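Please read all numbers here as calculations on a predicted model, not as lab measurements. Every heavy atom of this structure was used, including side-chain atoms; hydrogens, water molecules and symmetry mates were not.
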Amino acid sequence: MIGSGRPSRYAWLVVALLLPVALLNYLDLQMLATMKASMVGDIPTIANKADWGLILGSFKWTYALLGPIAGYIADRFSRRWVIGSSLLVWSAVTWWTGQCTTFTELLTARAFMGVSEAFYFPAALALITDYHLGPTRSRAVGVHQTGVYLGQILGGFAGYVAEAPALGWRWAFSSAGMLGVLYAIPLLALLRDPERGKYRSLDSLRSLGMTHAVIPSEVEGSALAERPPSVMRGLLTNRNFVLLVMYFTLPAIAGWIVRDWMPEILRERFHLGQGRAGVSAILFVQIASLVGAVVGGTLADRWMRRTNRGRIYTSAIGTMLFLPALFSVGNSGTLAVAIVGLIVFGLGWGFFDSNNMPILSQIARPELRATGYGIMNLVSISCGGFGDWAFGALRDRNVPLNLIFGVFAGVALLSVAIVMMIRPLTRNDDLVSDGTADRYG
């Protein structure tokens with residue numbers, strides 16, 4: 001059984017400092033989806049839905065390709081500076097998005113946005129797992145992910161901003177970019193990296209906030225391996241990691257479609273205004289996701305006291321919720337039924353989202369986790385980008401929504417089978433440098 005060590009106040013301060021950065025990252029993404037009608041109307045060189053799918057996809061493909069590189073840099077250098085630099089780049093590109101006047105400009109700007117966000121999430125989630133060493137890991141990741149959902153909730157109201165004559169979509173992007181620059185100052189002033197190379201010494205565990213740490217006598221005081229293992233040996237030959245990449249990818253395709261296209265789907269299907277469509281598509285599903293992340297993180301941490309598969313079981317429950325949710329969204333005859341489906345999807349997504357990095361921590365050593373998450377992003381977001389383009393192309397050809405979302409539901413069922421095949425490499429909750437487990441009491 002896993003012990004119940006308590007993290008320090010600073011460990012939770014790290015989560016609090018990073019939460020607004022996650023919020024800003026997804027505020028930008030959701031504004032793009034919610035203000036689509038205004039942007040397309042103002043940039044006539046965006047000719048059709050497939051063009052819009054390319055704009056959405058350009059961000060994801062850049063994000064994906066840079067993911068492993070960004071993760072490797074975060075594993076080898078200061079995660080604090082990787083995070084701070086990514087926020088500054090995000091701010092500049094968000095401001096630039098508000099100045100775009102052609103399809104090519106917007107396509108390029110969104111590709112550069114992928115550079116920023118590729119560097120943020122692997123570094124941020126790895127830093128959180130550095131400070132939260134087991135008993136609070138899923139909760140900490142879940143709380144951080146609430147920033148993602150809050151950003152999408154705020155972005156869901158951007159349709160009203162775009163429709164306001166005194167504001168508009170350009171003002172929204174320019175203002176968000178300036179806000180990011182201002183927040184970078186306190187972030188870099190307060191955020192710090194944990195001491196590296198001594199995670200397994202008693203003093204270092206206490207410095208990271210773990211009280212009453214229990215460490216096997218044969219490893220107490222030893223340091224992490226001085227030479228990091230190769231990515232090929234440590235990750236790509238790891239059966240469990242390959243399964244986790246597959247599991248991380250398949251449900252995420254549906255997640256990107258819901259995030260990027262649902263405002264447009266509801267606007268067209270139920271004849272809603274841009275503002276109401278954005279709020280209907282985003283508000284309910286993201287509030288549900290926020291609740292799901294906190295509840296799913298707490299449930300997983302508690303379940304881990306009984307079995308080292310607690311995080312896997314919790315995530316699988318969330319993925320199971322995708323099935324009825326996607327069927328109801330694809331077949332809804334009324335806005336109310338569609339919203340109920342989106343709420344169920346959001347709850348399941350929160351369970352799924354709060355446990356991906358914690359599961360990775362059970363199968364990969366600390367110095368490989370940001371790289372591992374970057375590889376996961378490479379595969380997942382590449383597929384998400386093609387999914388955005390394909391969805392737009394299918395809608396141009398009038399393929400029924402119930403058929404598309406029915407396929408997504410089948411993919412979700414396959415994902416459950418995949419995650420249940422993952423076997424954590426430790427009897428406890430955290431894999432350290434040499435493949436043994438630390439236990440926190």
Side-chain angles (χ1 to χ4, degrees), residues 33 49 53 56-57 60 149 152 243-266 268-270 280-282 284-289 291-293 295-296 312-356 359 376 379-422:
K49 290 178 181 177
L56 298 175
K60 295 181 181 66
Y149 313 133
Q152 291 178 82
L243 289 171
L244 182 59
V245 171
M246 295 170 61
Y247 176 66
F248 185 71
T249 299
L250 295 176
I253 298 173
W256 281 110
I257 298 299
V258 169
R259 180 181 299 116
D260 292 338
W261 285 98
M262 195 53 62
E264 179 73 5
I265 291 171
L266 296 185
E268 290 185 350
R269 189 165 188 172
F270 301 110
S280 299
I282 302 306
F284 297 104
V285 69
Q286 299 308 330
I287 289 176
S289 297
V291 173
V295 173
I312 291 171
Y313 293 154
T314 304
S315 188
I317 290 172
T319 310
M320 285 292 292
L321 291 176
F322 292 177
L323 274 70
L326 292 170
F327 271 119
S328 63
V329 169
N331 293 279
S332 58
T334 66
L335 179 61
V337 172
I339 288 174
V340 170
L342 290 172
I343 290 172
V344 176
F345 182 88
L347 286 170
W349 186 265
F351 275 49
F352 169 81
D353 205 21
S354 61
N355 283 290
N356 288 314
I359 293 172
M376 290 161 64
V379 180
S380 175
I381 298 172
S382 295
C383 292
F386 283 110
D388 272 332
W389 170 80
F391 186 85
L394 290 172
R395 294 301 292 149
D396 282 336
R397 291 164 175 74
N398 298 313
V399 175
L401 282 174
N402 60 351
L403 176 60
I404 297 173
F405 281 101
V407 172
F408 287 151
V411 169
L413 183 61
L414 174 63
S415 302
V416 175
I418 291 172
V419 75
M420 295 302 292
M421 294 169 63
I422 295 175

**Q** Listed by chain and number, what are the side-chain hydrogen bond (donor to acceptor under 3.5 Å, both in side chains) partners of D353, not counting sequence neighbours?
**A**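 Once residues adjacent in sequence are excluded, the partners of D353 under the side-chain hydrogen bond (donor to acceptor under 3.5 Å, both in side chains) criterion are Q145, Y149.
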
**Q** Measure across T314 and G296 and return the closest heavy-atom pair with its distance rounded to 0.1 Å.
**A** CG2-O, 3.4 Å

**Q** Count the heavy atoms of every other residue, nucleotide or ligand shown that sit under 6.0 Å from CE of M320, and state whether that count exceeds 12.
**A**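 Incorrect, the count does not exceed 12.
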
**Q** I want to check something: taking the side chain as every heavy atom from C-beta on, are V419 and T319 in contact at a cut-off of under 4.5 Å?
**A** no

**Q** Got L413 and F322 here, is their nearest side-chain heavy-atom distance under 4.5 Å?
**A**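 Answer no - side chains too far apart.
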
**Q** Starting at CG of N356, measure out to CZ of F248 and round the result to the nearest 0.5 Å.
**A** 5.5 Å

**Q** For the residue pair L347 and V344, establish whether any side-chain heavy-atom pair is separated by less than 4.5 Å.
**A** no

**Q** Nearest 0.5 Å, please: how far is CZ in F352 from CZ in F345?
**A**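 So the CZ of F345 and the CZ of F352 are separated by 9.0 Å.
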
**Q** Does Q286 have any side-chain hydrogen bond (donor to acceptor under 3.5 Å, both in side chains) partners at least two apart in sequence or in another chain, and if so, which?
**A** Q152

**Q** Quick one: closest heavy-atom pair of S315 and N355, and the distance?
**A** CB-CB, 4.2 Å

**Q** Could I get the full list of side-chain contact (heavy atoms from CB on, under 4.5 Å) partners for I418, not counting sequence neighbours?
**A**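 Residues passing side-chain contact (heavy atoms from CB on, under 4.5 Å) with I418: L243, M246, Y247, L250, L414.
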
**Q** When rounded to the nearest 0.5 angstrom, what distance separates CD1 in I287 from CG in L342?
**A** 12.5 Å

